[in-house]
Amino acid sequence: MPPISLQLTPFISPLLHRPNLCLHRPPIPRLSPPRSLTIRSVQQNNEHPSPSPPPKPTGLDDFLSTAASLYPLYVTAGGIVACVEPSTFSWFVQRGPSSYSLSLGLIMLAMGLTLEIKDLFNLFMQRPLSIMFGCVAQYTIMPASAAVVGKFLGLSQSLLSGLILLGCCPGGSASNVVTLIAQGDVPLSIVMTVCTTLGAVIFTPFLTKFLVGAYIPVDAAQLSLSTLQVVVAPILLGSCLQKAFPSLVKLVLPFAPLVAVLTSSLLASSVFSENVIRIKSSMVSATLASDASLWTVLKSILSGELGVVILSVFCLHFAGFFVGYIAAAICGFQERERRTISMQVGMQNSSLGVVLATSHFSSAKVALPPAISAVIMNIMGSTLGFCWKYIQPSDEVKTSVVA
């Protein structure tokens, strides 16, 4: 096929030959910078969308959150009512121990609604050291602190036995509620409560025998069954409800912390009121005139044997909170884990301590430290949780600044 050739001839407009004609070149428009970068960034945002800001809490949410944070006020008021008029809680005490079990189950159900099952099971795979550290701290810090505090304050043998027995008990379910208020790691707290409760079958009798010299038998089967019924089963039920009925749980969820706080306050006040008779019997030695002022009554109580017991219980729980937090910080745990371990170590299952003391010791004074602990421990722990509620974890603040 022959090649095709093109011949181009210049084309000159006749306007170019007209005299005195000035040509004005139109200004060349400035090209805008290429938009490929903008398009690329849009594509990147589509691939990795930025998280939407969390919805602002409503007035009801703020009210429920504030009401739940008043845990110290509820426990203090309940303790005062139980001390002045113990019969106020008789309707609850007379239905025990079923009422106690149902209350603990309701608290754990409220906690379970805030969790997912995968979070609980992932803990065993991802953070076994955190769980192990919390359990070891529970059964080393508190028993040692109880022995040191009791010997330092010169408690009698019966009161010393009760304080050590309290220190050898596992972590209480109230620590889960306070951990929620304190912005702690709730799944870790629940798992630690389950593990320390199951470990109480071995460690509580052994440590009591080692430190007191009296062997306290613990029914392993009954304790394990109770743990499954009032701790594990309600948590799993709450997690399953969250997955099966998410819209319904979303409506109920804002009320869960307040329900847990009020139920825990009722439980602590009831345990305390049940043992008020023992507490008042220890005050017989301090005979007061009928017209004595309130300050005189308080002074005589605090200066007597009961005051020493209150001080010893306070020092024991303070040591648990403080040493637990410092030990977790030294070992490099994050702030939420430190708060959780501090709450777990500092708050004991005082109800179990009262049951063991009344079942295996002849002296009624052995049950005094666990009974007083039911109120003092909750006041201290809830107050600390209230303070931590308004303090953002330090490591999260640094992360947000870097981001």
Side-chain angles (χ1 to χ4, degrees), residues 49-75 77-78 92 95 98-123 172-194 228-270 336 339-340 343 378 381-382 385-386 388-393 396 400:
S50 58
S52 58
K56 294 183 179 180
T58 62
L60 179 61
D61 294 336
D62 291 336
F63 171 77
L64 294 174
S65 178
T66 303
S69 64
L70 298 178
Y71 190 14
L73 181 61
Y74 304 145
V75 178
F92 189 82
R95 290 170 173 81
S98 299
S99 58
Y100 294 165
S101 300
L102 290 175
S103 300
L104 289 173
L106 181 60
I107 294 172
M108 292 297 101
L109 177 63
M111 296 294 99
L113 292 176
T114 65
L115 303 172
E116 294 184 6
I117 298 179
K118 62 179 182 180
D119 295 335
L120 297 175
F121 288 105
N122 287 341
L123 272 175
S173 59
S175 62
N176 309 138
V177 181
V178 177
T179 300
L180 178 65
I181 298 175
Q183 302 188 63
D185 193 334
V186 179
L188 177 62
S189 176
I190 292 176
V191 172
M192 287 174 56
T193 300
V194 174
L228 293 176
Q229 289 177 344
V230 304
V231 178
V232 178
I235 292 173
L236 295 179
L237 177 60
S239 300
C240 293
L241 290 176
Q242 183 193 56
K243 187 175 182 179
F245 308 100
S247 57
L248 179 61
V249 172
K250 186 177 181 181
L251 296 176
V252 179
L253 193 59
F255 298 89
L258 180 59
V259 171
V261 164
L262 294 177
T263 307
S264 183
S265 302
L266 174 63
L267 185 60
S269 302
S270 300
R336 288 186 182 273
R339 297 181 182 184
T340 303
M343 292 297 181
N378 283 280
S382 58
F386 178 81
W388 269 336
K389 175 181 174 64
Y390 298 99
I391 301 177
Q392 190 69 12
E396 293 187 2
S400 61

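Source: prediction; values computed, not measured. The basis for the numbers below is simple: all heavy atoms, side chains too, and nothing from hydrogens, waters or symmetry mates.
You'll find the side chain of M192 stays beyond 4.5 Å of the side chain of S175, heavy atoms only. Contact check for W388 versus V178: no side-chain heavy atoms found under the 4.5 Å cut-off. L267 is listed as a side-chain neighbour of F92, based on a closest heavy-atom distance under 4.5 Å. Under the 4.5 Å side-chain criterion, counting only non-hydrogen atoms from C-beta, L102 is not in contact with L106.
Of the N and O atoms on the side chains of T193 and N176, at least one donor lies less than 3.5 Å from an acceptor on the other residue.
Here the OH-CG distance, from Y71 to L258, works out to 12.0 Å after rounding to the nearest 0.5 Å. To the nearest 0.5 angstrom, M343 atom CE is 8.5 Å from S382 atom OG. Distance check, rounded to the nearest 0.5 Å: CD1 of I181 to CZ of F386 gives 9.5 Å. Within the model, atoms CG of L180 and CD1 of I190 stand 9.0 Å from one another, a figure rounded to the nearest 0.5 Å. Remark: Q242 CD to L253 CG distance equals 7.5 Å, nearest 0.5 Å.
A donor-acceptor pair under 3.5 Å links the side-chain atoms of S69 to the main chain of T66, judged by distance alone. The main-chain N or O of R336 is never found under 3.5 Å from a side-chain atom of D185 such that the two would form a donor-acceptor pair. In this structure, Y74 contributes its side chain and A67 its backbone to a donor-acceptor pair below 3.5 Å. Of the possible polar contacts, none joining the S264 side chain to the A174 backbone as a donor-acceptor pair under 3.5 Å is found.
Looking at every heavy atom in both residues, S269 comes nearest to G78 through OG-CA, 3.3 Å. Taking each heavy atom of V75 and S265 in turn, the nearest pair found is CG2-OG, 3.7 Å. Scanning all heavy atoms of the two residues, the minimum distance from V177 to A260 falls at CG2-CB, 4.0 Å. Annotation for S103 and T263: closest pair O-CG2, 3.6 Å, computed over non-hydrogen atoms. Considering every non-hydrogen atom in both Q183 and K389, the closest pair reads NE2-O, 2.6 Å.
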Exercise. Between L113 and L241, is a side chain to side chain contact (heavy atoms under 4.5 Å, CB included) present by the stated rule, with each step listed?
Worked result: CA-CA 7 Å; L113 292 176; L241 290 176; 4.2 Å; yes
Problem set entry | Chi angles and distances behind the side chain to side chain contact (heavy atoms under 4.5 Å, CB included) call for F255, L60 | CA-CA 10 Å; F255 298 89; L60 179 61; 4.2 Å; yes
